[in-house]
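Presented below is the structure to which this report refers.
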Amino acid sequence: MSKKLLCLMTAIFSLSQLAFAADYSFGQETQDRIYLAKLAKKNDKKSDKKDSKKSEKKSKSKKEPEPPAEEEVTGEVTAINVDRAKNDGAGYFSGIAKGILEQVQKGSPESLMSAYESIKKASVDYQENERVLVFVIVEILKIVWPSQAQNLNLDAPAVPARNAYTGAVESAKNGIYDTSTGNADFLANALPSLVLKSPVSNREYYQKAETDLKAALGFSPKSVLANYLLALLYSKSNRNAEAVDLLKIAAQESKAFEIHYLLATCLNALGRYEESKNVTDNLIVLYPSSIELLKLLSRNAYASGDYNTAERYALMALQQNPADLEMVLFRAKIFVATGEYLKATSLLDVYAKSGANSKDYLLLRARVQKEWNKNTTQAVATIEKALSLYPNDLEALLAAAELAGESGILIGKKSGAELANQVLAVEPDNQQALSFLIQTLAQEGKWSEAYASSKKIMARPNPSIDAICAHTRICLALGYYAEAWDKAAALYNKSPNAEKAIQLYVESMVRTGKSAQASRYINGALGGASSSMKSFLLYQRSFLAADEASQLSDLRSAVIANPRNSDALFRMYKIYYTKQDYRKAQYYLRQVIALNPNKQQYLKLNSDLDKLIR
């Protein structure tokens with residue numbers, strides 16, 4: 001082989017090695033320099049190439065701050081593959097002012113914007129780590145604090161495509177929790193949890209996210225970002241009490257909508273409705289057109305028993321988005337609660353066109369069938385359909401237990417008690433299941449047993465309004481008037497607009513002998529009352545009337561206001577039965593039976609009347 005050919009092959013080999021060396025990781029740089037130097041000596045006749053290699057080695061000796069790791073490009077969305085040994089985040093951002101980094105770690109919309117303004121400069125003037133930090137700031141604002149970001153003019157410079165921090169953000173945006181960022185600094189621990197704002201419902205990363213967010217709080221204990229993200233994780237895990245504690249810390253440092261909205265949501269889930277209302281009342285002043293806030297206000301009012309307010313906010317939300325089927329169904333739920341079944345039915349018919357298999361729809365439809373149509377057979381069939389589609393759903397089981405208990409019909413071959421116990425087997429402290437058992441004891445007239453069980457529920461923090469009502473009526477049945485009045489008055493003072501609280505308050509006044517007070521209240525409330533409330537008030541006033549004619553007048557007016565008022569109809573039956581006017585008594589009793597066709601008590605009374613009339 002000639003010397004010229006050998007020299008040419010050596011030069012080609014040298015160039016190929018240079019290209020290969022450019023792809024080496026930075027950790028191999030020293031070995032590359034030695035190898036390239038040896039090649040250069042073999043080609044000392046190529047002076048122009050030697051100069052080029054020297055220039056290249058000189059430029060390589062000036063290290064730029066090194067990103068913690070590089071992304072492994074595969075053509076599909078994956079997490080970033082990070083070498084934890086190189087993930088020295090503090091070193092990566094070491095050239096940036098400490099105050100700016102502290103503002104980023106705080107992570108509130110206010111502090112992030114402060115950091116953004118402090119570091120912002122012309123695109124060509126950014127160092128690489130500054131570009132990355134600005135990118136992170138802008139993405140946190142957009143992902144975590146959209147209510148603030150939508151009003152800001154945010155501009156982030158181009159960033160390296162392969163970087164652990166930017167990669168963690170991009171993974172989160174695609175619903176992936178990046179487990180390879182390491183834990184060297186605050187951002188490395190916190191950024192993967194941006195995935196919590198993604199609609200993806202994967203819960204497999206929750207334990208890892210909790211550990212990493214707690215590590216982030218180790219770097220910055222008062223971080224608004226880390227406290228909020230950890231609270232969001234807890235709320236998704238039904239750990240609302242823990243979420244509230246963290247959100248209160250964040251709320252002290254920021255007025256961000258997202259923090260206070262989540263706080264109100266968690267308080268609502270805990271049954272702390274007044275606290276939730278205090279938060280939402282402040283938010284609605286600042287964000288009057290927020291659909292999500294209007295929905296929460298509606299749910300909060302519904303949970304408190306304030307159905308008029310619940311309906312008002314639901315309607316406001318629907319006016320902004322008439323196609324929101326969720327609120328169409330929720331508005332139907334409100335009307336079912338207020339006994340306005342015609343309105344509820346029309347909304348259910350609208351919803352059924354696209355959601356006939358929805359659990360909430362089926363349960364509401366069954367309730368309307370039971371309470372309005374008085375078609376127990378159809379209601380049972382609807383509940384059985386719900387159980388077939390959602391066999392382990394506690395809400396469906398409770399609805400089935402209630403219907404089975406009231407009708408005496410087996411649902412899914414199970415009695416009401418069996419269905420309630422199925423719930424209690426999963427959740428021994430389930431208040432609704434316990435309340436159903438108490439209701440069953442009360443229906444059977446076992447008041448002392450019902451009282452003992454009810455006292456256990458009342459001993460718990462924040463008993464529901466239904467539990468308070470049930471306990472108060474048990475006290476009234478047992479003649480524990482002082483306790484009954486204390487409970488009714490306290491509930492009314494706490495929720496004076498709640499329909500259930502008003503009804504319990506009036507009933508307790510009447511039953512405990514506060515006749516003058518009850519009469520003043522009823523007469524004052526009748527003017528602006530809904531038809532169902534007016535019917536209730538007139539029924540209660542009938543107990544205060546001095547003579548039989550006045551009693552019957554109030555009862556007839558109650559039935560005119562609400563023809564389905566079984567209590568008023570049954571009281572007229574009793575009055576005429578006492579007068580031995582058995583035909584009129586039967587006339588009203590049969591109306592009661594038409595409204596309650598499965599109650600054996602009424603069927604027996606009618607049978608007895610048949611014998612008397614013959």
Side-chain angles (χ1 to χ4, degrees), residues 68-69 71-72 77-84 87 89-90 92 104-109 111-112 132-133 135-146 149 163-251 253-254 256 258-259 261-263 265-266 269-270:
E71 182 179 6
E72 184 178 336
V77 179
T78 62
I80 305 303
N81 184 13
V82 177
D83 182 351
R84 289 175 181 253
N87 193 13
Y92 183 63
V104 174
Q105 289 184 3
K106 185 175 181 180
S108 69
S111 67
L112 289 170
V132 170
L133 190 62
F135 170 84
V136 167
I137 291 171
V138 170
E139 290 301 318
I140 292 175
L141 282 165
K142 290 180 178 179
I143 295 170
V144 182
W145 315 119
N163 177 279
Y165 299 103
T166 59
V169 172
E170 294 300 334
S171 293
K173 287 164 68 175
N174 286 284
I176 298 171
Y177 188 90
D178 193 335
T179 60
S180 60
T181 56
N183 55 9
D185 65 1
F186 175 87
L187 289 176
N189 284 289
L191 289 179
S193 287
L194 296 183
V195 72
L196 289 164
K197 298 289 286 188
S198 163
V200 177
S201 59
N202 180 16
R203 303 168 67 94
E204 294 178 359
Y205 63 83
Y206 279 13
Q207 186 174 355
K208 170 66 173 167
E210 181 177 0
T211 300
D212 290 347
L213 286 170
K214 286 180 176 178
L217 286 169
F219 285 97
S220 181
K222 291 187 177 181
S223 167
V224 173
L225 176 65
N227 277 298
Y228 170 75
L229 289 175
L230 186 54
L232 182 58
L233 172 64
Y234 285 159
S235 72
K236 288 175 178 283
S237 305
N238 200 30
R239 296 163 64 180
N240 292 295
E242 294 170 87
V244 166
D245 292 339
L246 295 171
L247 289 166
K248 286 184 174 180
I249 294 172
E253 303 291 331
S254 175
E258 289 78 7
I259 295 171
Y261 174 80
L262 182 59
L263 175 59
T265 302
C266 292
L270 291 168

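Positions are given from 1 along the sequence.
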| message | Testing the 3.5 Å rule here: is there a donor-acceptor pair between the side chains of Asp212 and Tyr177? | response | yes
| task | Determine whether Ser111 and Val224 make a side-chain contact, defined as any pair of heavy atoms from C-beta on separated by less than 4.5 Å. | result | no
| query | Counting N and O atoms only, with roles assigned by atom type, does the side chain of Ser223 sit under 3.5 Å from a partner on the main chain of Leu217, one being a donor and the other an acceptor? | reply | no
| query | side-chain contact (heavy atoms from CB on, under 4.5 Å) with Ser237: which residues, sequence neighbours excluded? | reply | Arg203, Tyr206, Leu233, Arg239
| said: Using ring centroids (six-membered ring only for Trp), state whether Phe219 and Phe186 fall under 6.0 Å. | reply: no
| field | CG-CG distance between Leu213 and Leu246, expressed to the nearest 0.5 angstrom | value | 10.0 Å
| task | Can you run down the salt bridge (charged side-chain N to carboxylate O under 4.0 Å, His left out) pairs that involve residues 214-234, sequence neighbours left out, and say none if there aren't any? | result | Glu210-Lys214
| From Leu112 CG over to Leu141 CG, what is the distance, rounded to the nearest 0.5 angstrom? | 4.5 Å
| request: Just jot down the side-chain contact (heavy atoms from CB on, under 4.5 Å) partners of Ala256, sequence neighbours excluded, or say none. | output: Pro109, Trp145, Ser254, Glu258, Ile259
| query | Checking Asn183 side chain against Ala216 main chain: does a donor-acceptor pair fall under 3.5 Å? | reply | no
| said: Test of understanding: with salt bridge (Lys or Arg N to Asp or Glu O under 4.0 Å), list the residues that count as partners of Glu253, not counting sequence neighbours. | reply: Lys106
| How long is the span from the CD atom in Glu170 to the CG atom in Asp178, to the nearest 0.5 Å? | 11.0 Å
| Straight-line distance of Lys173 NZ to Lys142 NZ, nearest 0.5 Å | 7.0 Å
| request: Name all residues meeting the ring-ring contact (aromatic ring centres under 6.0 Å, His included) criterion together with Phe135; count only those two or more places apart in sequence or in a different chain, and write none if there are none. | output: none
| field | Distance in Å, Leu263 CG paired with Lys248 NZ, rounded so as to fall on 0.5 Å steps | value | 7.0 Å
| task | Tell me, please, which residues at least two apart from Ser235 pass side-chain hydrogen bond (donor to acceptor under 3.5 Å, both in side chains). | result | none
| query | When rounded to the nearest 0.5 angstrom, what distance separates CG in Leu191 from CD1 in Ile140? | reply | 5.5 Å
| message | Tell me whether Thr211 contacts the main-chain N or O of Gln207 through its side chain, where contact means a donor paired with an acceptor under 3.5 Å. | response | yes
